[in-house]
There are 2 protein chains.
Amino acid sequence: MKDNVLIGVKEIARQANVSIGTVDRVIHDRTGVAEVTRKKILAIMKELDYQPNILARRLASKKVLRFATLIPAVSSETEFWEAPLKGIQQAEAEIKQFGIVIDKYFYNQNDKQSFVDQSKKILKTNVDGVLVAPIFIEESLAFSKLCNLAKIPQVFINSDIPNESRLSYIGPDLFQSGHLSAHIVNYLVAKHDKILIVNISKEIDSYHHLLRKEKGFISYFEGHEKEVQIIKTDITPETDYASISIKLRVVLAEHTDVKVIFVTNSRVFSVAQFLEKNGLSHIRLVGYDFLTESIAYLKKGIIDFLICQKPQEQGHKGIMTLYQNLVLNTEIEATYYMPIDIITKENYKSYRN
Amino acid sequence: MKDNVLIGVKEIARQANVSIGTVDRVIHDRTGVAEVTRKKILAIMKELDYQPNILARRLASKKVLRFATLIPAVSSETEFWEAPLKGIQQAEAEIKQFGIVIDKYFYNQNDKQSFVDQSKKILKTNVDGVLVAPIFIEESLAFSKLCNLAKIPQVFINSDIPNESRLSYIGPDLFQSGHLSAHIVNYLVAKHDKILIVNISKEIDSYHHLLRKEKGFISYFEGHEKEVQIIKTDITPETDYASISIKLRVVLAEHTDVKVIFVTNSRVFSVAQFLEKNGLSHIRLVGYDFLTESIAYLKKGIIDFLICQKPQEQGHKGIMTLYQNLVLNTEIEATYYMPIDIITKENYKSYRN
DNA sequence: CTGAAAGCGCTTACAG
DNA sequence: CTGAAAGCGCTTACAG
């Protein structure tokens, strides 16, 4: 008659003939419980299919959970990292009432050392989970190893690193996004047309990510009936407008018949600026990311398409993934590819990052 | 010294020199509190910028919140409504530990009466919030009015209804999505090409939504340099494959030079089937929604593009909106347009509803 | 190794 | 109109 009256730890304690303190100990795998008792309690928990009440747990526990985020600072060059930060802040607002605190660290994406410095800082605090944008491959890998030693789960966003021990990657499938860009470009070209791929990057490490997109792009046209001609140019390490301008001028002087330019990252707005200034707006232009400057060129028709992968949602989902893992104890997908969104003059207004 | 030791209702009670029971009464706007007391407590709450602890509230309150959802049943004609339902279930799993129960009601989208019947059922239960897909305009409006009388907040998904008193609309901007489709089609046509718009709908009410898309589409080409010729055909009320086939055969016999077909809803797969069977796959085809059948035609290249608006997220976000309003007491956006996603052969694999 | 008690910030009867 | 007490399902010292 009284069987189902009790619930949770109390019911377990009753059935096991122990106090709820002891039940709590085995739930949290703490030491100081006789092996027999532990086994008995575990069995009962299993039979009852015990699910802890998260509300009660967070309310009773004074302990706050600390998450750290490590992403590039918003730079004068690109506002791209504003969006993930916004997503992080949004998630923070949603879960702060559950006792979660988020410490935000930023590095300079043109300076590896700043990444190393910041990551060291994080490890000095006692942090329960980290969200990282691992732009620098080796340094990120080193950081990841240290986290794993300290049993700190890591979520990567924006770009992945071959690393089996991260909790999850949330971001684009770079190869596929290049492939899709090519599909769109395919609508813009005729047989034998010439296409220019432009990689703009200061740091050689991020260049690696651009190459993935480039490969996806090129693969689309391999053996394709249109038999387009693809040429490419890399603009590095100087990426100010003057440097870009000089380089493009040379390339386009040599190849006067370029029909489409594909820029593998958000720096597409610099190329747009160049085309506009030099009266070359008949050249079709495709690039990446939802930046204010790029949108302006999209409106004007200088940029035809932008590929975007929900940077804000990446930040938001990254934090929520840590939350789900650490608080709710949910299963986490090791890889979560963001949808590849195509932004045009027509739909940018309703676009949600 | 002891000032900040207390928190929440206790601190308010202390400052107001009353018991926490009384504080609770004014927080929840219950009767039976002297006006002076109420004012005093309100003032203190304001000064302290009191934010209730949701965890404690939900834990202490035995009351469950009931949400009801009213959407079309998945039909043999289209699996479209599977996705919103999935989103609803996903949200349910996330918030059920907060004491929220979701009752799911379904109507037949070809039968107004079934909508009326189900909505009546809902009103007989004591429900705290509803999520509705208001396909039938008048019936939905009537239901909405009754909800408002009973102070039940409503969230609309998938299509909106002129109605100032709903809590929120979450779904596509129909006009814009038609406009965007036209922009894409623009890449597929040459000057003076002929475009066929196809509306397929059993119920005249949902036809209204299709018209919005049609208008957006046509508006794009008004005064456009390409001077395309746009014709249209409505297939109603019979929408089985045979009926569609007969109608299309007639139209395409008369207009043998149609270059592109734009189908204003998910029934694009029926048109694809027709084109394939009749060796007309050279005609470009654009339509709506991420259905298994349509994706198959997308893969084959019979369908060129699909416009999709995250039906699953609509369901998910719809429930979460009720949750935010009723539990967290957050400000809610009255209109939340879903992004307009363009699905192609290249990106459908990573598409998230 | 284990238990009893206090407490997290609220809500809910109940008593007056 | 108001207060005191019990309780939601946990966690956290503390005592033994």
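Proteins come first, then strands; the chains are lettered A, B, ... in the order of their sequence lines, and each starts at number 1. Just so you know, these numbers use all the heavy atoms, side chains as well, and skip hydrogens, waters and symmetry mates.
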So, OP1 or OP2 of D/dG3: does either fall under 4.0 Å of a side-chain N or O from B/R25? no
So, the side chain of A/R66 versus the backbone of A/D128: is there a donor-acceptor pair under 3.5 Å, distance only? no
Would a distance-only check, ignoring hydrogens and angles, find a side-chain to backbone donor-acceptor pair under 3.5 Å from A/T37 to A/V33? no
Taking B/K310's backbone N and O only, do any of them form a donor-acceptor pair with B/Y351's side chain (distance below 3.5 Å, no angle check)? yes
Residues B/Q89 and B/H316: side-chain donor-acceptor under 3.5 angstrom: no
For DNA chain C, what string of dots and brackets results from 5' to 3' when Watson-Crick and G-U pairs need both distances under 3.5 Å, crossing pairs get [ ], and pairs with another strand get |? |||.||||||||.|||
Taking D/dC1, C/dA5, D/dG3 as options, the one with an atom nearest any side-chain atom of A/I20 is C/dA5
Interatomic distance, A/R14 CZ vs D/dG9 C1' [rounded to whole Å]: 16 Å
Is it the case that the side chain of A/Q314 and the backbone of A/N158 share a donor-acceptor pair, with hydrogens and angles ignored and the cut-off at 3.5 Å? yes
Whole angstrom is fine here: how far is it from CD1 in A/I27 over to C1' in D/dC10? 9 Å
Any side-chain N or O of A/K10 less than 4.0 Å from the OP1 or OP2 oxygen of D/dC8? yes
Roughly how far, to the nearest 0.5 Å, is CD of A/E94 from CD1 of A/I319? 11.0 Å
Once you apply a heavy-atom cut-off of 4.0 Å, does A/G32 come out as touching a base, just sugar-phosphate, or nothing? base
Per B/T22 side chain, nearest of listed nucleotides C/dT12, C/dT2, D/dT2: D/dT2
Do the side chains of B/Q154 and B/N148 get nearer than 4.5 Å, heavy atoms only? yes
Decide if atom NZ of B/K104 counts as having more than 12 heavy atoms of other residues, nucleotides or ligands within a radius under 6.0 Å. yes
How close do A/L131 and A/G315 get, counting heavy atoms only, and between which atoms? CD1-O, 3.9 Å
Atom pair distance, as rounded to whole Å: CD in B/E35 and P in D/dT2: 10 Å
For A/R38, which contact category applies under a 4.0 Å heavy-atom criterion: base, sugar-phosphate, or nothing? nothing
Strand-adjacent residues in residues 49-65 of chain A, judged by heavy atoms under 4.0 Å from DNA chain C: A/L59, A/A60, A/K62
Pick base, sugar-phosphate or nothing for A/T37, based on heavy-atom distances below 4.0 Å to the nucleic acid. sugar-phosphate
Give the rounded distance in Å between these two atoms: CD1 of A/I41 and P of D/dC10. 14 Å
